[in-house]
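I have placed the structure first, in the form of C-alpha cells, so that the comments after it can refer back to it.
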Amino acid sequence: MPEILYSVVARGTVVLAEFSTVAGNANLVAHRILEKLPAEDSRVSYTQERHVFHVLVHQGLAFVCMAEEASGRRIPFAFLDDVKDKFLAAYGPEAAQYAVAYEYNTEFSGILQQRMRYFVNDPNADAINRVRGGVAEVKNIMVENIEKVLERGERIELLVDKTDHLQSESFAFKRDARRMQQKMWWQNVRWMVALGAFVLVIIYVIIAIVCSPTLHC
C-alpha cells in the first residue's frame, strides 16, 4: 500500500515539528524545498523519481509531506489540510510566527505520526476528503520536478530506506537531523544574545540621560 513517509511543519526554513517513518535524507531534501517556497499561500508537488514532496503554504507556514508516487495527490493533500487545521488549532498562527526551531516537535511529531497512519490505512480518510471537495481542488495543484528548487547543474539524490535492519542509514538520518537542529538552535541563541545586548544599550542610554554618562545620579 502506498505510504506517506515523512512530514514536516515549518516557518520558512525553521522546522517546528517533523516525523519520518523511514531512514534516509528526506529531511534534507525537504529543507532545500523550504528554501525556495513562495511567501504567498500555494499548493505544489515536487517529483523525485518514485517519490513526491507535496507542499501546502498557508499564512506563512509550510506543511510538507513526502509520499510514494502511487499515493497520488488527493490523499497527501488531504493529510496536509488535516495537519494544518490541527496545528493552527493547537498553537495558532501568531504563536508559530515566534516559535524557535523544533519548539513543537515533542508534542506535534506524535500527531504527525498518528495522522500519517490514519490517512494511509483508514478508508474513511478518502471519503472525508471527497465530501470536502478535495477531488476537484487537487486538479489545480502545480506539479514540478525537484530540479526546480535546485541550483543549475546541482543534483540531489533522495535516499529512502524502508527497512528496519540497516542501522547505519538510520544513524545517518538522525545525525543529519541533529546537525540541522543544532544549527537552528545556535541561530536562535545568536538572535537572543543580540536582542539582550540591544536592551542593555537602551537601558544604559536611558540611565545616562537621567543621571550622567558615568552613572552618578
Side chains of [X] and [Y], heavy atoms from C-beta outward: is any pair under 4.5 Å?
{"X": "Glu40", "Y": "Val57", "answer": "no"}
{"X": "Glu103", "Y": "Val14", "answer": "no"}
{"X": "Leu16", "Y": "Phe108", "answer": "no"}
{"X": "Leu61", "Y": "Leu88", "answer": "yes"}

If you round to the nearest 0.5 Å, how far is [atom2] of [Y] from [atom1] of [X]?
{"X": "Leu56", "Y": "Ser45", "atom1": "CG", "atom2": "OG", "value": "10.5 Å"}
{"X": "Arg74", "Y": "His54", "atom1": "CZ", "atom2": "NE2", "value": "12.0 Å"}
{"X": "Gln114", "Y": "Phe119", "atom1": "CD", "atom2": "CZ", "value": "9.5 Å"}
{"X": "Ile4", "Y": "Leu112", "atom1": "CD1", "atom2": "CG", "value": "10.5 Å"}
{"X": "Glu69", "Y": "His51", "atom1": "CD", "atom2": "NE2", "value": "9.5 Å"}
{"X": "Asp85", "Y": "Leu80", "atom1": "CG", "atom2": "CG", "value": "11.0 Å"}

Margin query: Between Asp122 and Tyr118 (side chain of the first, backbone of the second, donor and acceptor by atom type, cut-off under 3.5 Å), is there such a pair?
Written below: no

Notebook entry, point to check: Do the side chain of Thr47 and the main chain of Val52 share a donor and acceptor less than 3.5 angstrom apart?
Noted result: no

Next item on the list: Show the numbers, then the answer: is there a side chain to side chain contact (heavy atoms under 4.5 Å, CB included) between Asp81 and Arg43?
Entry: CA-CA 11 Å; Asp81 277 315; Arg43 294 169 182 260; 2.8 Å; yes

Next item on the list: Sequence neighbours left out, what passes side-chain hydrogen bond (donor to acceptor under 3.5 Å, both in side chains) with Glu107? Give chain and number order.
Entry: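 Glu107 satisfies side-chain hydrogen bond (donor to acceptor under 3.5 Å, both in side chains) with Tyr91 once adjacent residues are dropped.
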
Margin query: Once side-chain hydrogen bond (donor to acceptor under 3.5 Å, both in side chains) is applied, do any residues pair with Arg11, and if so which ones, sequence neighbours excluded?
Written below: none

Next item on the list: Using the test side-chain contact (heavy atoms from CB on, under 4.5 Å), find all partners of Arg190 that sit at least two apart in sequence or belong to another chain.
Entry: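 Per chain and number, Arg190 pairs via side-chain contact (heavy atoms from CB on, under 4.5 Å) with Trp186, Gln187.
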
Next item on the list: Not counting sequence neighbours, which residues clear side-chain contact (heavy atoms from CB on, under 4.5 Å) with Ile203? List them please.
Entry: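 Listed in chain order: Val199, Ile207.
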
Note to self: Is there a side chain to side chain contact (heavy atoms under 4.5 Å, CB included) between Asn27 and Val8? Walk through the geometry before answering.
What the structure shows: CA-CA 8 Å; Asn27 60 327; Val8 59; over 6 Å; no

Checklist line | Shared-cluster residues of Tyr98, by chain and number - hydrophobic side chains joined below 4.5 Å | finding: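 None; Tyr98 is a cluster of one.
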
Notebook entry, point to check: Applying the 4.5 Å side-chain criterion to the ILVMFWY set and letting contacts propagate, would Val100 and Tyr102 be lumped into a single cluster?
Noted result: no

Notebook entry, point to check: ring-ring contact (aromatic ring centres under 6.0 Å, His included) with Phe19: which residues, sequence neighbours excluded?
Noted result: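 Listed in chain order: nothing, the list is empty.
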
Next item on the list: Quickly, which of Ile202, Leu200, Val201 forms a side chain to side chain contact (heavy atoms under 4.5 Å, CB included) with Phe198? Name it, please.
Entry: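 Per the side chain to side chain contact (heavy atoms under 4.5 Å, CB included) rule, the option paired with Phe198 is Ile202, out of Ile202, Leu200, Val201.
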
